[in-house]
Amino acid sequence: MKRLNTQLQEDGCPLELILLIRTLLAACKEISFRVSQGALAGVLGSTLSENVQGERQKKLDVISNQIIKDILSESGYVKAISSEEEDDVIACHPEGKYLVSFDPLDGSSNSDINSLIGTIFSIMHAPQWLEGDDPKAFLQPGTQQVAAGYVLYGPSTMLVMSTGNGTHMYTLDKTHGGFLVTRENVKVPEQTQEFAINMSNQRHWQGPMQAYVNDLLAGSDGPRGKNYNMRWVAAMVGDIHRMLCRGGIFAYPFDYRDPGKAGKLRLMYEANPMAFLMEQAGGKASTGEHDILDIMPEDIHQRVPVIMGSAGEVNACLEYYKES
Ligand code: AFP
C-alpha cells in the first residue's frame, strides 16, 4: 500500500507542507492513543472550564488541544495557530510559512460513550506582512486552503485529507505507525437516499429547510419520489465521513434560536476544511445562499449554516432556498 509521503509527493505538495502535515499527524497519533486509553487513563468526562464558545470543555478537548498546540508551536513551519479551544490566535514561529486552524476534538461529547470523534484541520499560507498574533491573517476564504482534512478516531484511526489534488483516505497502520492510502481519489456518489440533520431542531429552521426535509420525509409518496433514511452521529467528522464514503446530505442549517449565531458549526475549523474535502471529492457545500468556500471570514470563531454532501442532493435542497 502507498505511504502518505508518496501520495503527497505525487500530488505535488511542497516539502515544507509535507513536513508540517507529518508533524500535525504525529500529534494526532498521540491523541489517537490517549483516546483509546479512555477510562483507563482517566481522560473521560468534563473539566470545570468553558471555551470561547461558552461550551463546557471535555478533558479530552483540553488534552488534544495542548498536544497539537505544543507540537505545532515548536515545529518552525507554522506562523500562527487558531483553535476552537483558544480565545485568540497564538503566534508560533515568526518565519513560519503556514497558518493552521483546528478543532482538536470534534464531537467530544461522544468520547464518554466510546463513539466517533476526530480532529479537523485547515492549513493556509501565512501572509508575511502581518504579525504572528494578528487574527486578520486567518481571515481568508476557504478557497485559499492549501491542505485540509480530519483524523477520525473510530474502530480504526483514519486520515482523510486533500492538498488540492483530490481527496484521499488513509488508515493508520499501528504496526509501523504510518498512515497508508486505503482509498485514493474518493468520489462522493452524485445521488443519495440518506440525510443527516438534528431533527429535534426542526421547529427552529427557516422555511426552505422545513419544506425540503418535509419532502424527504414524505418518501416515495412525496415530490422526491423515493424513500430516505436518516443517520446522525452528532460529530461532524463521523457524519461527513459517511457522506464521503457512501453519499448523502448533511445539514446544520441556520435556525432562529439565537439570531447572533448563524448556525452552530464554525467556519474556519469545521465548515471550510469539510467543504474543501467535499468539493475535492466532487460533492458540494453551501450555506443555502453561498458556497461555503467563498465566504470571506470576519472572525476566527465565526459560525455558518452548513449544507453539504452529494452534489445532486445539495442542489435539490438549494432549489428550495432559490424558490423562497
Ligand atoms: P462538539 O465538538 O462541541 O462536541 O460539537 C460537535 C458539533 O459541533 C458537530 O461536530 C456536530 O455535527 C454537532 O455539534 C452536533 O450537534 P447537536 O448537539 O445538535 O447534535
Side-chain angles (χ1 to χ4, degrees), residues 28 31 34-35 43-68 82-87 101-122 148-154 158 160 194-206 209 213 230-244 248-258 261-278 285-287 292 300-309:
C28 294
I31 297 171
R34 300 286 193 108
V35 164
V43 293
L44 304 183
S46 300
T47 63
L48 294 176
S49 53
E50 286 187 349
N51 65 13
V52 64
Q53 336 274 338
E55 297 162 346
R56 176 62 59 86
Q57 289 176 304
K58 292 280 172 192
K59 287 183 195 165
L60 275 169
D61 282 323
V62 176
I63 294 169
S64 307
N65 187 54
Q66 195 64 45
I67 292 172
I68 300 179
S82 139
S83 161
E84 180 186 6
E85 304 303 336
E86 300 282 343
D87 296 9
S101 300
F102 55 92
D103 178 351
L105 205 62
D106 178 61
S108 54
S109 13
N110 276 356
S111 59
D112 292 342
I113 56 163
N114 201 20
S115 189
L116 288 178
I117 43 181
T119 298
I120 311 176
F121 59 90
S122 158
Y150 59 82
V151 176
L152 182 66
Y153 310 113
M158 289 191 73
V160 179
E194 216 163 70
F195 68 99
I197 193 163
N198 186 341
M199 282 298 296
S200 67
N201 297 329
Q202 185 175 23
R203 67 193 184 284
H204 304 296
W205 301 334
Q206 293 173 307
M209 187 51 79
V213 172
M230 198 200 89
R231 291 281 182 271
W232 186 247
V233 173
M236 191 189 195
V237 278
D239 283 308
I240 296 301
H241 191 68
R242 193 180 58 258
M243 305 288 134
L244 287 166
I249 182 165
F250 168 90
Y252 216 112
F254 177 90
D255 73 42
Y256 289 109
R257 271 174 300 178
D258 181 348
K261 289 182 188 166
K264 177 176 182 183
L265 302 177
R266 278 53 61 109
L267 175 63
M268 308 296 294
Y269 36 81
E270 290 179 322
N272 265 344
M274 295 309 201
F276 191 71
L277 292 175
M278 201 53 82
S286 170
T287 61
I292 286 176
I300 55 168
H301 296 295
Q302 178 173 345
R303 294 174 192 255
V304 286
V306 169
I307 303 168
M308 63 170 78

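Values below: all heavy atoms of this structure, side chains included; hydrogens, waters and symmetry mates excluded. Atoms within a ligand are numbered from 1 in the order they appear, just like the ligands themselves.
Near Tyr252, with a cut-off below 4.0 Å to any heavy atom, the atoms of ligand 1 are 16 (O), 17 (P), 19 (O). For ligand 1, the atoms lying closer than 4.0 Å to a non-hydrogen atom of Glu270 are 8 (O). Here is the list of ligand 1 atoms found below 4.0 Å of a heavy atom in Ser109: 4 (O).
Remark: minimum distance from atom 20 (O) of ligand 1 to any protein heavy atom is reached at Trp232 NE1, 3.0 Å. Nearest protein neighbour of atom 3 (O) of ligand 1, counting heavy atoms only, is Glu55 OE1, 3.8 Å.
Looking at Phe250 next to ligand 1, no N or O pair under 3.5 Å apart turns up. Considering backbone and side-chain atoms together, Asp103 places no N or O closer than 3.5 Å to any N or O of ligand 1. Where the criterion is an N or O separation shorter than 3.5 Å, residue side chain and backbone included, Met236 meets it with respect to ligand 1. Checked against a 3.5 angstrom limit, the closest N/O atoms of Lys264 and ligand 1 fall inside it. Checked against a 3.5 angstrom limit, the closest N/O atoms of Asn198 and ligand 1 fall inside it. Some N or O of Asp106 is nearer than 3.5 Å to an N or O of ligand 1, by distance alone.
In summary, the side chains of Asp106 and Tyr269 do not present any donor paired with an acceptor at a separation below 3.5 Å, with no hydrogens or angles considered.
Residues Leu152 and Val160 are not in side-chain contact: their nearest non-hydrogen atoms beyond the backbone lie 4.5 Å or more apart. Between Leu44 and Lys59 the shortest side-chain heavy-atom distance does not fall below 4.5 Å.
Distance alone, capped at 3.5 Å, is enough to place a donor-acceptor pair between the Asn110 side chain and the Val233 backbone. At distances below 3.5 Å, at least one donor-acceptor pair connects side-chain atoms of Thr119 with backbone N or O atoms of Pro104.
Closest non-hydrogen pair, Phe121 versus Pro273, comes out as O-CB, 3.3 Å.
With Ser200, Gly107, Gly238, Ala234 as candidates, the residue nearest to atom 1 (P) of ligand 1 on a non-hydrogen basis is Gly107.
For the atom pair Asp255 CG and Lys264 NZ, the distance stands at 10.5 Å (nearest 0.5 Å). To the nearest 0.5 Å, atoms CZ (Phe250) and CZ (Arg242) are separated by 9.0 Å.
Taking 4.0 Å as the cut-off, Arg266 counts as a neighbour of ligand 1 on heavy-atom distance.
Using a 4.0 Å cut-off between heavy atoms, Leu265 contacts ligand 1 through its side chain alone, with no backbone atom that close.
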- [ ] Please assess Asn65 against Ser83 for the test side chain to side chain donor-acceptor pair (under 3.5 Å), listing each intermediate value before the final yes or no.
- [x] CA-CA 8 Å; Asn65 187 54; Ser83 161; 2.7 Å; yes

